Amino acid sequence: MTKIRKALIYIGIFIISLCIFFLGFLMRYYKLELFSLYALPLSFLVMSVLYFILTIFLLRKYRGRLSSIGIVLAIILAFIDIPLRLVDFNDTLISFPEFLARLLAVGLGCLFVTLSKLSSKIILVVIAGGLYVWVAYDGYVKYGNYLNFGTFSGKTEQILNNPLILQDGQGKDVPLNKFKGKYVVMDFWSTGCGACIRVLPKVQEVYDRYQSKSGIEIYSVFCRNDKRGETCETGQDILNKRNCSFPILTIDMDNPILKEIGVVGYPTVIIFDPDGKLIFRGNIEYAEKYLMELIDSDLK
């Protein structure tokens, strides 16, 4: 095999790897409706499987004709997010497990090829596959919860130093202590958050399930941008267009109390206990699980 042919093959490997990378990019950031809320975990799983298969295929196909190290480097060089991670590591933390999964998938592909026993190959695939599936659909959620809310499960305990006061559709103040004696679930969101809009059907499901419980209140909290003239009607119109029937309250997104309760990104679901103590901060899926625990205990 001539040097030119080898170089062309390496370039071809790089391009194929790059296509897989951009497939994952599309799944994550363009948030195709097919993938909905699971865009990032599914991207994690699909890219890992494809890189694992690609590595095995190439190492076998070109064994003895191309350098194994060269093949691996051609695959990894297509990870064009590496420079960004080096320059701005903190802002790429949310997708860091997916980056590690890609590297590990290539490494596992190399290991698979070197194993001679079929039983060893099966054990490798079963163990690695189980780990990847768990991380994709549970571990990743816990990781994201920790990054965004400082807790893996969402459970926390916090007594507010300042009163939380919201406004209703008529602009009247609605203090948190109005709900004393009840659990209060609040889904904080804003107009500039696409993920917030996508989880509204899930919030509606939770509302439909628990609205008849006398010991619990569920609200959508629209974090309005007063500088852009947003009002409660702005949020209500969005909910109406999506056939959401849960009640809405609002708060100025620059209100410092939001930072105190940990609403630094959207969507964020907060749960207060009957004494007004913050006991949960996280996403709607974990909030639903926590509500089920409460139903099994206090809310029977």
Side-chain angles (χ1 to χ4, degrees), residues 1-30 32 35 38-140 142-144 146-147:
M1 188 180 294
T2 65
K3 291 183 178 179
I4 294 178
R5 181 171 174 76
K6 287 182 178 179
L8 290 175
I9 293 175
Y10 284 131
I11 293 173
I13 293 172
F14 172 84
I15 292 174
I16 293 172
S17 179
L18 192 62
C19 289
I20 295 175
F21 175 85
F22 278 114
L23 172 63
F25 179 85
L26 289 172
M27 292 171 66
R28 290 199 305 272
Y29 297 108
Y30 281 84
L32 305 181
F35 307 125
Y38 303 101
L40 192 57
L42 190 58
S43 165
F44 169 95
L45 197 58
V46 170
M47 292 178 72
S48 299
V49 171
L50 290 178
Y51 278 117
F52 177 70
I53 294 174
L54 178 66
T55 302
I56 294 172
F57 172 78
L58 293 173
L59 290 177
R60 283 182 169 177
K61 180 177 177 63
Y62 295 107
R63 179 178 290 169
R65 292 187 291 167
L66 290 179
S67 165
S68 296
I69 295 177
I71 291 173
V72 171
L73 286 176
I75 295 173
I76 294 177
L77 284 175
F79 298 175
I80 59 176
D81 56 333
I82 292 178
L84 177 61
R85 295 183 186 281
L86 294 176
V87 172
D88 199 358
F89 180 73
N90 289 335
D91 284 348
T92 62
L93 275 175
I94 187 62
S95 61
F96 189 64
E98 183 247 27
F99 170 71
L100 290 180
R102 279 183 267 141
L103 292 178
L104 181 60
V106 174
L108 289 172
C110 295
L111 178 59
F112 184 91
V113 172
T114 61
L115 294 174
S116 57
K117 294 182 178 180
L118 178 60
S119 59
S120 299
K121 294 177 184 288
I122 293 175
I123 291 173
L124 174 66
V125 171
V126 170
I127 294 177
L131 177 62
Y132 270 79
V133 170
W134 176 81
V135 172
Y137 291 102
D138 189 43
Y140 223 135
K142 286 183 168 63
Y143 175 76
Y146 182 76
L147 282 183

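The structure presented is a predicted model; accordingly, all values stated were derived computationally and were not measured. What you see below is based on every heavy atom in this structure, not just the backbone, and it leaves out hydrogens, waters and symmetry mates.
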task: Check the pair L100 / L104 against side-chain contact (heavy atoms from CB on, under 4.5 Å), numbers first and verdict last.
output: CA-CA 6 Å; L100 290 180; L104 181 60; over 6 Å; no
message: If you compare all heavy atoms of A101 against all heavy atoms of F44, which two are closest, and at what distance to 0.1 Å?
response: CB-CE1, 3.2 Å
field: CZ-CG distance between F52 and L124, expressed to the nearest 0.5 angstrom
entry: 5.5 Å
query: CG of D81 to CZ of F96: how many Å apart, nearest 0.5 Å?
result: 10.0 Å
task: Mind checking the OG-CD1 spacing from S48 to I53? Nearest 0.5 Å is all I need.
output: 11.0 Å
task: In sequence, state the C-alpha distance, the side-chain angles, and the governing distance for T55 and F112, and then conclude on side-chain contact (heavy atoms from CB on, under 4.5 Å).
output: CA-CA 9 Å; T55 302; F112 184 91; over 6 Å; no
field: side-chain hydrogen bond (donor to acceptor under 3.5 Å, both in side chains) contacts touching residues 120-130 (sequence neighbours left out)
entry: none
message: Can you tell me how far apart CD1 (I82) and CG (L103) are? Round to the nearest 0.5 Å.
response: 6.5 Å
task: Looking only at non-hydrogen atoms, find the nearest pair between L111 and T114 and report the distance.
output: O-OG1, 2.7 Å
task: Measure the shortest side-chain to side-chain distance between Y143 and V135 over non-hydrogen atoms and say whether it is less than 4.5 angstrom.
output: no
query: Taking all non-hydrogen atoms of both residues, which atom of L54 and which atom of I20 are closest, and how far apart?
result: CD2-CD1, 3.9 Å
- prompt: For the side chain of Y51 and the backbone of S17, is there at least one donor-acceptor N/O pair under 3.5 Å apart?
  reply: yes
query: Tell me, which pairs form a side-chain hydrogen bond (donor to acceptor under 3.5 Å, both in side chains) where one or both residues lie in residues 125-134, sequence neighbours left out?
result: W134-D138
Under 3.5 Å, which donor-acceptor pairs link side chains of residues 58-75 to any protein atom two or more places apart or in another chain?
unit_1 : atom_1 : unit_2 : atom_2 : d
R65    : NH2    : K61    : O      : 2.7
S67    : OG     : I69    : N      : 3.3
S67    : OG     : G70    : N      : 3.2

- request: Please report the shortest heavy-atom distance between F21 and M47, naming the atom on each side.
  value: CA-CE, 3.7 Å
